[in-house]
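All remarks here apply to the structure that follows.
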Amino acid sequence: MNHFDHRDGILHCEDVPLTRIADEVGTPVYVYSTATFRRHAQVFREGLKPLGRIHLAYAIKANPNVAVLRLLAEEGYGADVVSGGEMARALAAGIPAADIVFSGVGKTRAELSRGLDEGIGQFNLELEEEGVVLARLAHAKGKRAPAVLRVNPDVDAGTHAKISTGRAENKFGVPIDQAAAMFARLAPLDGLDLRGVACHIGSQLADLSRLEEAYRRIGVLVAELRAAGHRITHVDLGGGLGVPYKAGDTLPSPADYGAMVARVTEGWDVELMFEPGRVIAGNAGVLLTEVIWVKPGVTNPYVIVDAAMNDLARPALYDAWHDFDAVAPSGERMTANIAGPVCESGDTFAMGRDIDAVVSGDLAVFRTAGAYGATMASTYNSRALVPEVLVDGDRFAVVADRIAAETILAAERVPDWLMPGRDPA
Ligand SMILES: *Cc1c(COP(=O)(O)O)cnc(C)c1O
């Protein structure tokens, strides 16, 4: 459910007509709904109610805008971060360091050190050597780093290959059959409080049975670790729950997910941790765009919009589907391809799609663009960096500026040896 609906023929975000945002901010622009973010945060928490005490760490890579982080902090969410930059954002948004989980397969020594200085709540270790280095850094600072070992359970998440992370050949986590031996070597290290395990098998998961299989394997490992005398107090079950991208898609609800987790983890006697990203942010945002041209094509016309793959990379990266709706639909329909201005054939959002009929100058949205949208934006083709707007009821604010191509150009320079007039000798 989300708060983007047509009222009197005009698509609104909550009480704000998208025409007003286009007038005042321009296009393309991401538009987020506060009420939808809050609702998703609450529904996810509610779904996990059967589990008792849990820790919720929003995976901020899905949508790291500082205003979004602030509002999720108000909903009681901590953060799952995967870089020093994300750590800085979470802290800037007022998320307590103790509520931050530091994930990521390539944390640098400098990032680990900064995490220790900030008092990050948990480090999710991706390899044995990282644990050794973290222990040494912490010991030198007179600290003990709270940590869990991320395990790769070798389960196919049944999602797009580029967002699948839990197969043995993926780069993430340690092989589950080596985890107990590694745990035994790491647990005794001064400087490390190795207190549990973590897993995260992929994103946009539509099939709970894959997650269930991964969690069962984690349960077996927890029992094995305890039998070996280790104290296991925390298990981080990651994120990955999918969202509907097409009108009519049905996906497992947070309540279905919570019921499955309750069944699988019964008797584990640990604090369970979760890292939801997409399920919180996906349907809370749209990418608002203007039609530049409707260009005749061989079979179908091309609707060329002013948003492109640099603003929303998912279709080019993952062949992803985003519903496309006119802001002020006429009621007529057309079959069209939808593409952006970037000079790549991959800059195509849809082919042969049945859509609201549009003409140049019309406004339209790509729906379900709140997760892995603006966060992946680039300035390819020397386009501006796309801005973001947050709506709350009948008010809205620009929460990320459009960064003009000229501003990016101003950060570049020609070295003096390439300057005209300089003696080549
Ligand atoms: C990306 C990621 C998540 C969030 O995944 P979603 O599919 O957006 O829920 C959680 N944990 C880790 C370690 C991740 O890398």
Side-chain angles (χ1 to χ4, degrees), residues 37 40-41 43-45 47-48 54-64 68-69 72 77-83 85-87 90 100-107 111 120-127 130 147-153 155 157-167 170-174 196-208 210-211 214-215 218 234-245 251-254 257-258 261 272-285 313-314 317-318 320 368-376:
F37 266 111
H40 290 175
V43 167
F44 190 77
R45 181 192 297 285
L48 302 187
I54 57 169
H55 180 74
L56 292 170
Y58 166 62
I60 80 175
K61 74 176 191 285
N63 185 328
V68 168
L69 299 184
L72 291 173
Y77 278 65
D80 175 68
V81 304
V82 294
S83 70
E86 286 194 350
M87 191 196 319
I100 297 176
V101 172
F102 199 169
S103 297
V105 70
K107 302 181 213 64
E111 286 174 327
I120 291 304
Q122 178 173 293
F123 294 84
N124 288 10
L125 304 175
E126 290 267 357
L127 70 164
E130 184 187 15
V148 301
L149 188 59
R150 176 168 177 183
V151 169
N152 184 321
V155 170
T159 186
H160 192 283
K162 287 183 183 160
I163 48 175
S164 187
T165 56
R167 300 280 300 281
N170 294 137
K171 68 179 176 179
F172 298 100
V174 304
V197 293
C199 79
H200 171 71
I201 64 166
S203 197
Q204 186 55 13
L205 306 188
D207 182 356
L208 285 183
R210 313 294 179 102
L211 275 171
Y215 295 172
I218 294 293
H234 292 72
V235 175
D236 185 336
L237 295 178
L241 214 54
V243 300
Y245 278 95
L251 277 107
S253 69
Y257 175 68
V261 174
L272 292 173
M273 307 174 74
F274 297 89
E275 303 167 347
R278 190 188 306 269
V279 74
I280 304 294
N283 280 302
R314 299 188 64 260
L317 267 182
Y318 317 129
T368 316
Y372 306 106
T375 180
M376 285 188 181

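Whatever order the structure lists ligands and atoms in, that order sets their numbers, starting from 1. For the single chain, residues carry numbers from 1 onward in sequence order.
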Residue, atom name and distance, where the atom is the protein heavy atom closest to [atom]:
atom	value
atom 5 (O) of ligand 1	H200 CE1, 3.4 Å
atom 7 (O) of ligand 1	S203 OG, 2.3 Å
atom 2 (C) of ligand 1	K61 NZ, 2.3 Å

From Y58 atom OH to N63 atom CG, the distance as rounded to the nearest 0.5 Å: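 Reported value, rounded in 0.5 Å steps: 4.5 Å.
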Spatial distance of atom CG (L205) from atom CG (L251) [nearest 0.5 Å]: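 Reported to 0.5 Å precision, the distance equals 9.5 Å.
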Nitrogen or oxygen of [X] less than 3.5 angstrom from that of ligand 1:
X	value
V279	no
P276	no
E275	yes

Single hit among L56, I60, N124 for side chain to side chain contact (heavy atoms under 4.5 Å, CB included) with E275: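 Result: among L56, I60, N124, N124 is the only option passing the side chain to side chain contact (heavy atoms under 4.5 Å, CB included) with E275.
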R150 contact mode with ligand 1 (heavy-atom cut-off under 4.0 Å):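 For R150, the contact with ligand 1 is made by the side chain alone.
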Region of D80 that comes within reach of ligand 1 [heavy atoms, distance under 4.0 Å]: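 It is the side chain that gets close, since no backbone atom is under 4.0 Å.
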Under 4.0 Å to a heavy atom of [X] - the qualifying atoms of ligand 1, by number:
X	answer
G277	6 (P), 8 (O), 9 (O)
R278	6 (P), 8 (O), 9 (O)
G240	5 (O), 6 (P), 7 (O), 9 (O)
A59	3 (C), 4 (C), 10 (C)
G239	9 (O), 10 (C)

Shortest non-hydrogen contact from G258 toward L48: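 Where G258 meets L48 most closely, the heavy atoms are CA-CD2, 3.7 Å.
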Nearest atoms (heavy-atom pairs only) where Y215 meets L237: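 Looking at all heavy atoms of both residues, the shortest contact is OH-O, 2.9 Å.
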Criterion side chain to side chain contact (heavy atoms under 4.5 Å, CB included) on V279 and Y257, from CA distance to verdict: CA-CA 12 Å; V279 74; Y257 175 68; over 6 Å; no
Stepwise salt bridge (charged side-chain N to carboxylate O under 4.0 Å, His left out) check, K61 with E86: CA-CA 8 Å; K61 74 176 191 285; E86 286 194 350; over 6 Å; no
Non-hydrogen atom of Y372 closer than 4.0 Å to ligand 1: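 Yes.
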Steps toward side chain to side chain contact (heavy atoms under 4.5 Å, CB included) verdict (Y372, L317): CA-CA 11 Å; Y372 306 106; L317 267 182; over 6 Å; no
Backbone N/O of G240 and side chain of S203: donor-acceptor pair under 3.5 Å: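 Side chain of S203 to backbone of G240: no pair is present.
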